[in-house]
There are 2 protein chains.
Amino acid sequence: MPNDSRPEGSNDRRVRADARRNEDGVLAAAKELFASAGIDVAVRDIAAKAGVGVGTLYRRFPKRSDLVAAVFRQEVDACAAEAAILAATYPPDQALIHWLWRYTGFIATKKGLATALHSGDPAYAALPDYFRTSFEPALASLLEAAAATGKVRDDIAPYDLLRAIGNLSVAPDAEGTAHTHRMVDLMIDGLRRR
Amino acid sequence: MPNDSRPEGSNDRRVRADARRNEDGVLAAAKELFASAGIDVAVRDIAAKAGVGVGTLYRRFPKRSDLVAAVFRQEVDACAAEAAILAATYPPDQALIHWLWRYTGFIATKKGLATALHSGDPAYAALPDYFRTSFEPALASLLEAAAATGKVRDDIAPYDLLRAIGNLSVAPDAEGTAHTHRMVDLMIDGLRRR
DNA sequence: CCATATACGGAACCATGTTCCGTTTAACAA
DNA sequence: TTGTTAAACGGAACATGGTTCCGTATATGG
């Protein structure tokens, strides 16, 4: 009888390099296709673009919704992380504005997701929370720093602002982006201290 | 050469009786299944429940979305028509309240549709308009009559009220109906003249 | 260089919408 | 009543998309 009690500390073999590579490739392919072809692209197409078989894809993402959720999280991370970068690059009030536009762009790519989110699939259940816990602190620190300069109001709740921009991005289909752009512009203007 | 110029007036053969029967049956089956099994039931199941083949179903409703739209219109008609019935049965203020609850029930069954509506399928494009042109006049006349009794405010825009109740019905999933019920109760109470 | 756990690819399976077409039948007229 | 025929019917077959299976290939540790 082989010793099947694990040696306590570092146990399992490392993840194989090709596995990691493929996972990254699938995520990248999915991200691109979701953006260009919409949330409904066939899993086959994603696998093909990533240069792997569907089996490989399904090994990592047992359900299509798992892949969607993973891409979503990845993009949330990227957008949230940018807050710190912008804060280190621009003066506080400018950093805030730059990030709000970045966030607006993020939201704009999430049209299809919005409906999927409310589809009841448990794979999506955790996403709203992930969204909030990633973005709220990021925006909070930008707002705080900007308010400290005296150029921006100090009575804005980060989550309110996140939602407001999100809502503004839903309105009309035709000529939609231009309309959204104007409204967000207005809102950003409203943040300035008079 | 047969005379193929139509005798101008009544031309085409009548619609066959079985055709009409089957159309009604399909609509009835679809209505039931949409309510009990959700908007995503398979077309096959609807055809089976109606006792017809899928070919028959598709003859009348070339696209699944056509069937969905037809059921929707049918239910809008039924709900709107009830306004007149209630108005003839109850005193104006009571008729208004009864109908608002009826409308709340109608909305409650439309959860799945809401997402479908924004799916871009052209079959659904006309539905919002149909919704409004059916319900707005119905509610308007109820409101008007109720306001004339002096028991109900006279400054309510019918469409605002329709939307308000619609919005109240979207909120939380868990314990949702009870919550919605309380909110609508409040809103109806708010209609009364002090 | 071997042994093997792991990962890979893609054919096959299942569910769903949609199309096709041979068969049946209601409606009309002789 | 009966024959004719346009219309309608049923359901197999097709297209597409998610998911599973499993024989083959290979990275990793010794």
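Side-chain atoms are counted along with the backbone in the values below, which use heavy atoms only and exclude waters and symmetry mates. Naming: A, B, ... by sequence-line order, numbering from 1 per chain.
- As rounded to whole Å, 17 Å separates atom P of C:dG10 from atom CD1 of A:I46.
- No donor-acceptor contact under 3.5 angstrom links the side chains of B:T56 and B:N22, judged on distance only.
- No more than 12 heavy atoms of other residues, nucleotides or ligands lie within 6.0 Å of CD in A:E144, so this atom counts as exposed by the packing criterion.
- Applying the ring-ring contact (aromatic ring centres under 6.0 Å, His included) test to pairs two or more places apart or on separate chains, those with a residue in residues 74-101 of chain B are B:Y90-B:H98, B:W99-B:Y103, B:W99-B:F135, B:W101-B:H181.
- Annotation: the span from B:I165 atom CD1 to B:I188 atom CD1 amounts to 6.0 Å, rounded to 0.5 Å.
- When all heavy atoms of A:S134 and A:A80 are compared, the closest pair comes out as O-CB, 3.9 Å.
- Residue pairs satisfying the ring-ring contact (aromatic ring centres under 6.0 Å, His included) criterion with at least one member in residues 20-67 of chain B, sequence neighbours excluded, are absent.
- Summary for the helix from C:dC1-D:dG30 to C:dA30-D:dT1: the axes at its two ends, each from 5 pairs, differ by 0° when rounded to the nearest 10 degrees.
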| query | Would B:D77 and B:Y130 satisfy side chain to side chain donor-acceptor pair (under 3.5 Å), going step by step from the backbone distance to the final call? | reply | CA-CA 9 Å; B:D77 289 346; B:Y130 192 82; 2.5 Å; yes
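- Both A:Y159 and A:L100 belong to a common hydrophobic cluster when Ile, Leu, Val, Met, Phe, Trp and Tyr are linked at side-chain heavy-atom distances under 4.5 angstrom.
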| request: Please step through side chain to side chain contact (heavy atoms under 4.5 Å, CB included) for the pair A:K49 and A:E32, ending with a clear verdict. | output: CA-CA 9 Å; A:K49 171 150 196 154; A:E32 269 190 55; 3.1 Å; yes
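- Distance check, rounded to the nearest 0.5 Å: CZ of B:R192 to CG of B:L96 gives 9.5 Å.
- Formation of a donor-acceptor pair under 3.5 Å by the A:D24 side chain with backbone atoms of A:R21 is not found in this model.
- Contacts of residues 25-32 of chain B with DNA chain C (heavy atom under 4.0 Å): none.
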| Sugar-phosphate or base contact per nucleotide [nucleotides 24-30 of chain D; S, B, -; heavy atom under 4.0 Å] | --BSBS-
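- Rounded to a whole Å, the CG atom of A:N22 is 12 Å from the C1' atom of C:dT6.
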| task | Could you encode protein contacts along nucleotides 16-21 of chain D as a string, one character per nucleotide from 5' to 3', using B for base contact, S for sugar-phosphate-only contact and - for no contact, with a heavy-atom cut-off of under 4.0 Å? | result | -BBBB-
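- Atoms CG (B:L57) and P (D:dA8) sit 14 Å apart, rounded to a whole Å.
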